[in-house]
Amino acid sequence: VQLQAYGGGLVQAGDSLRLSCAASGRTSMIYAWGWFRQAPGKEREFVAKISWSGGMPGYADSVKGRLTVSRDGAEDTMYLQIKNLELEDTAVYYCAAKRRYTPINWTRVAPSDFQYWGRGTLVTVSS
């Protein structure tokens, strides 16, 4: 499975941004996919997830209400829409996919729960 995230850039606080993640390869192995982010000097943290088919969206408590995760029904592409960007949203955003038949506690999602990773895309929010 290959994942490629794109859409990051330099934006102003209060703006909106949409990130995309394209999946290819053995996508039949994917059970769910999602987004993580890593701010400078901080650990990588879970942001949002969605099932491979596009159902059951879930979000970290810290971002609920401002982020929307979705997928394109026809293309193997996942999106992360971020509204009202804040300086604290500055981070490298990674898309990741979870393989079928592997356990996970959806109340405590960790990077180690996802087996496939793309290269991140940098989002920088300026004031």
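The side-chain heavy atoms of Trp35 and Cys21, taken from C-beta on, include a pair separated by under 4.5 Å. Ile104 has its side chain within reach of Phe114: a pair of non-hydrogen atoms, C-beta onward, lies under 4.5 Å apart. Side-chain atoms of Arg37 and Asp89, non-hydrogen and from C-beta on, do get closer than 4.5 Å to each other. Here the side chains of Asp72 and Met78 are not in contact, with every heavy-atom distance at 4.5 Å or above. You'll find the side chain of Leu87 reaches within 4.5 Å of the side chain of Ser127, heavy atoms only.
A donor-acceptor pair under 3.5 Å is formed between the side chain of Thr121 and the backbone N or O of Gly8. The backbone N or O of Ser51 lies less than 3.5 Å from no partner atom in the side chain of Lys98, so there is not a single donor-acceptor pair. Looking at Tyr59, its side chain does come within 3.5 Å of a backbone N or O of Val69 through a donor-acceptor pair. A donor-acceptor pair is defined here as one N or O able to donate and one able to accept, closer than 3.5 Å; no such pair exists between the side chain of Ser24 and the backbone of Val1.
In this structure, CD on Glu45 lies 5.0 Å from OG on Ser62, to the nearest 0.5 angstrom. Atom-to-atom distance recorded for Asp76:CG and Ile30:CD1 is 7.5 Å, nearest 0.5 angstrom. With values rounded to the nearest 0.5 angstrom, Leu85 atom CG is found 10.0 Å from Ser126 atom OG. Going from atom OH of Tyr93 over to atom CG of Leu19 covers 7.5 Å, rounded to the nearest 0.5 Å. Rounding to the nearest 0.5 Å places OG of Ser16 at 6.0 Å from CD of Gln81. Atoms OG1 and CG, on Thr124 and Leu10 in that order, are 6.0 Å from each other to the nearest 0.5 Å.
For the pair Arg44 and Tyr94, the cation-pi criterion (under 6.0 Å, within 45° of the ring axis) is fulfilled. Cation-pi geometry between Lys49 and Trp33 is not met: the NZ or CZ atom fails to fall both under 6.0 Å from the ring centre and inside 45° of the normal.
By the 4.0 Å N-to-carboxylate-O rule, Asp15 lies too far from Lys83 to be salt-bridged with it.
Crowding of Tyr79 atom OH: a count of heavy atoms from other residues, nucleotides or ligands under 6.0 Å exceeding 12. Heavy atoms of other residues, nucleotides or ligands lying less than 6.0 angstrom from CZ of Arg26 number 12 at most.
Phe36 and Phe46 have their aromatic ring centers within a separation under 6.0 angstrom.
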Could you go step by step and tell me if Arg100 and Met29 meet the side-chain contact (heavy atoms from CB on, under 4.5 Å) rule? CA-CA 6 Å; Arg100 293 183 182 277; Met29 297 294 294; 5.7 Å; no
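Minimum interatomic distance between Asp113 and Gln115 (heavy atoms only, all atoms of both residues): O-NE2, 3.2 Å.
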